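Taking it in order: structure first as C-alpha cells, then the write-up.
Keep in mind it's a predicted model, so treat the numbers as computed, not measured. Throughout, numbering of the chain's residues begins at 1 and tracks the sequence.
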Amino acid sequence: MQDKANILLIGCGGIGTIAALNLEIGGKATVTAVLRSNYEHVKAHGFSIRSIDHGEVKGFRPSILRNTIPDVEKEDLPPYRYIVVTTKNYPDVPPTVADIIRPAVTRGYTRIALVQNGLNIEKPLIEAFPENIILSGVSFCGSHQVSLGEIVHEDDDEVYVGAFRNPNLNPDDEDAAAKEYCEIYGAGGKCSPQFNPNVGFSRWRKLLYNACLNSICAITDLDTGRIQLADGAIDNLVRPAMEEIRAGAKACGHDLPPELVDFMIKMDPITMYNPPSMQVDIRNGRFCEYENIVGEALKEGKARGVPMPTLTVLYGILKAIQWRTKERKGLVEIPEPEDHTVKK
C-alpha cells in the first residue's frame, strides 16, 4: 500500500465513479470515496456499472467508503496526496469547495484536482490553499448515475489534465504533478488521460458544449437529440452562443477552430436523446452550475469588449431558474401573499 498514492475522491456520481474505478484498477492508487445520497446503497451492494470502457462491472467499491469528509488532523489519518473533486460546483450556494475539502488538505503536500466544469474555479482554491498545487481535469465521459449505485457510461473516458498556475509555486512542479496524476489514472489501460498544459484552451473548448448546448437544453428541456430536430433551435440559439464562446476564447488568447462548433453539436448522435447534466439537474429540482459555466465566460468576454447577447440572455434565464430552486429549498425569503381583490 505504501507505493500507492493515497487519494481522496469527493463525489461518486457518474463521473466520480468512473474516475474511482480507473484509479483503483491501475494499481497505483488507494481511493477513499466520499458519498452522500448513495452511501448506504453502495456500502451494502457496491456500484453496478455498465461501461463502454470497462464492460459490465458488478459490486465495485473503492478501497474506503465514507459519508463524511475526513479530518486528517483530528482523525490522525495519513495525508492525502491527491484530493479529486468531481462534485458539481455552485459558488452561489454554500458551502464552497474550499470549505468542503479544508479538513482533508495537508498544507504544501496535497494536490487538489478539480474535475469540474467552467472557468476560474481555481481562484478560490489558490486563495484558500496558496501552498498547494491545483490541477485542472476537463472530462468528456458521458457517465450518469441512473439510480442509486447504478452507473451508465456511454462515451469513452476522455480527460485532459493540466495545472492551474499558482504564482506562489514552481511551474515545473505543477506540471510534474499533472503528469503523475495522468500516469496513475491511466495505469489500468482502460483510458488514456492526456497531459495538457494549456488549461485555458481545454476549458474554453468544453464551454462550447457546456455554456451553449448544455444550458440551452436545460432551459428548453430538449435533449441533445431533440434540440437538433427542433425548428431553428440550432441556428438561432446554439450556433450564435457557440460563436460568442469562440470570440470570448479568442479574446483570452485561445483560438478555438470553427469546426469545433459542428463537432460539439453533433457529438451526441440524435437518437441517443441525451439530456446533458444541467438539464438533468433542473428536471430533478437540483441547483445548476450556471455561474461558472455561463457567468464566468460572460464576464471574461465582456471585460475584453466581446459582444455576447445570446449568452447574456441565457445567463439571465438560468439565474432566474436558480433563484426558483433556492426558493423551493427555503433559501430565499419572499413577502407573504396579500389579498388584492377589490373590497366592496
Side-chain angles (χ1 to χ4, degrees), residues 11 15 84-93 96-98 101 112-129 133-141 158-167 174 178 194 196-219 238 240-257 260-261 264 276-278 281 287-319 322:
I15 302 298
V84 181
V85 185
T86 62
T87 60
K88 298 294 177 67
N89 195 343
Y90 315 118
D92 57 321
V93 181
T96 66
V97 172
I101 70 173
I112 301 164
L114 301 178
V115 187
Q116 298 177 301
N117 292 320
L119 298 179
N120 297 331
I121 62 173
E122 78 284 2
K123 290 185 176 180
L125 275 298
I126 291 174
E127 182 178 352
F129 310 109
I133 292 172
I134 314 294
L135 301 181
S136 164
V138 175
S139 173
F140 291 88
C141 191
E158 182 182 335
V159 61
Y160 300 90
V161 182
F164 289 113
R165 291 302 178 215
N166 181 339
E174 294 175 318
Q194 297 182 40
N196 187 340
N198 194 344
V199 168
F201 181 91
S202 297
R203 291 195 162 269
W204 275 101
R205 179 180 183 270
K206 192 173 183 184
L207 285 180
L208 282 174
Y209 185 96
N210 271 333
C212 308
L213 199 58
N214 195 357
S215 63
I216 292 168
C217 287
I219 291 168
V238 178
M242 287 186 172
E243 290 301 334
E244 289 171 23
I245 287 293
R246 287 189 63 237
K250 188 171 185 177
C252 292
H254 309 293
D255 196 1
L256 302 178
L260 277 176
V261 170
M264 292 294 181
S277 59
M278 194 181 290
D281 288 339
F287 297 117
C288 67
E289 297 182 286
Y290 78 100
E291 197 65 72
N292 287 327
I293 289 174
V294 181
E296 289 298 324
L298 193 60
K299 183 171 72 176
E300 294 295 330
K302 283 191 168 182
R304 293 161 177 80
V306 178
M308 293 182 154
T310 311
L311 289 170
T312 299
V313 172
L314 296 179
Y315 177 76
I317 295 172
L318 289 167
K319 189 170 186 176
Q322 188 88 322

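- Note that the CG atom of L208 and the CD atom of E243 stand 8.5 Å from one another [nearest 0.5 Å].
- Using a 4.5 Å heavy-atom threshold, the side chains of L318 and I219 count as touching.
- Listed here is the closest heavy atom pair of V294 and A211: CG2-O, 3.9 Å.
- Taking the six-membered ring for Trp and thresholds of 30 and 60 degrees, H254 and F201 have ring planes more than 60 degrees apart, a perpendicular arrangement.
- The distance from the CG atom of N117 to the CD1 atom of I15 is 8.5 Å, given to the nearest 0.5 Å.
- Two residues are said to be in side-chain contact when any heavy atoms from C-beta on lie closer than 4.5 Å; F164 and R203 meet this criterion.
- Using a 4.5 Å heavy-atom threshold, the side chains of N198 and Y160 count as separate.
- Considering only heavy atoms from C-beta on, S277 comes within 4.5 Å of N214 through its side chain.
- In this structure, the side chains of R165 and E122 stay at 4.5 Å or more apart for every pair of heavy atoms.
- Judged by distance alone, the side chains of Q116 and N292 never bring a donor and an acceptor atom under 3.5 Å apart.
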Fill in: side chain to side chain contact (heavy atoms under 4.5 Å, CB included) between L125 and I101, intermediate numbers included
CA-CA 10 Å; L125 275 298; I101 70 173; 3.8 Å; yes
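- From L114, atom CG reaches atom OG of S136 across 7.5 Å, with rounding to the nearest 0.5 Å.
- Closest approach of E174 to A163, counting heavy atoms only: CB-CB, 3.5 Å.
- Between the side chain of T86 and the backbone N or O of G11, at least one donor-acceptor pair lies under 3.5 Å.
- By the 6.0 Å and 45° rule, K206 stacks over the aromatic ring of F140.
- A218 meets the side-chain contact (heavy atoms from CB on, under 4.5 Å) test with M278, Q279, I282; sequence neighbours excluded.
- The backbone N or O of N89 lies less than 3.5 Å from a partner atom in the side chain of E289, making a donor-acceptor pair.
- The shortest non-hydrogen separation linking A128 to A98 is CB-CB, 3.8 Å.
- V306 and A247 make their closest contact through CG1-CB, 3.7 Å (heavy atoms, listed as atom of the first residue, atom of the second, distance).
- Between P309 and E244, some side-chain heavy-atom pair lies under the 4.5 Å cut-off.
- In terms of heavy atoms, C252 sits closest to W204 at SG-CZ2, 3.8 Å.
- Separation of atoms CD1 (I134) and CD1 (I126) is listed at 6.0 Å; rounding is to 0.5 Å.
- Rounding to the nearest 0.5 Å places CG of L256 at 8.5 Å from CZ of R205.
- Atom CZ of R304 sits about 10.5 Å away from atom NZ of K299, to the nearest 0.5 Å.
- L119 and A297 make their closest contact through CD1-CA, 3.8 Å (heavy atoms, listed as atom of the first residue, atom of the second, distance).
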Fill in: From CA spacing to verdict: side chain to side chain contact (heavy atoms under 4.5 Å, CB included), K319, D92
CA-CA 10 Å; K319 189 170 186 176; D92 57 321; over 6 Å; no
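- Residues satisfying the side-chain contact (heavy atoms from CB on, under 4.5 Å) test with A241, not counting sequence neighbours, are C212, I216, T310, L311, L314.
- Under a 4.0 Å N-O distance rule, the pair K123/E127 does not qualify as a salt bridge.
- Side-chain atoms of E300 do not come within 3.5 Å of backbone N or O of G248 as any donor-acceptor pair.
- Put simply, the side chain of M264 does not reach to within 4.5 Å of the side chain of L213, judged on heavy atoms.
- Side-chain atoms of Q322 come within 3.5 Å of backbone atoms of C288 as a donor-acceptor pair (strictly under, hydrogens ignored).
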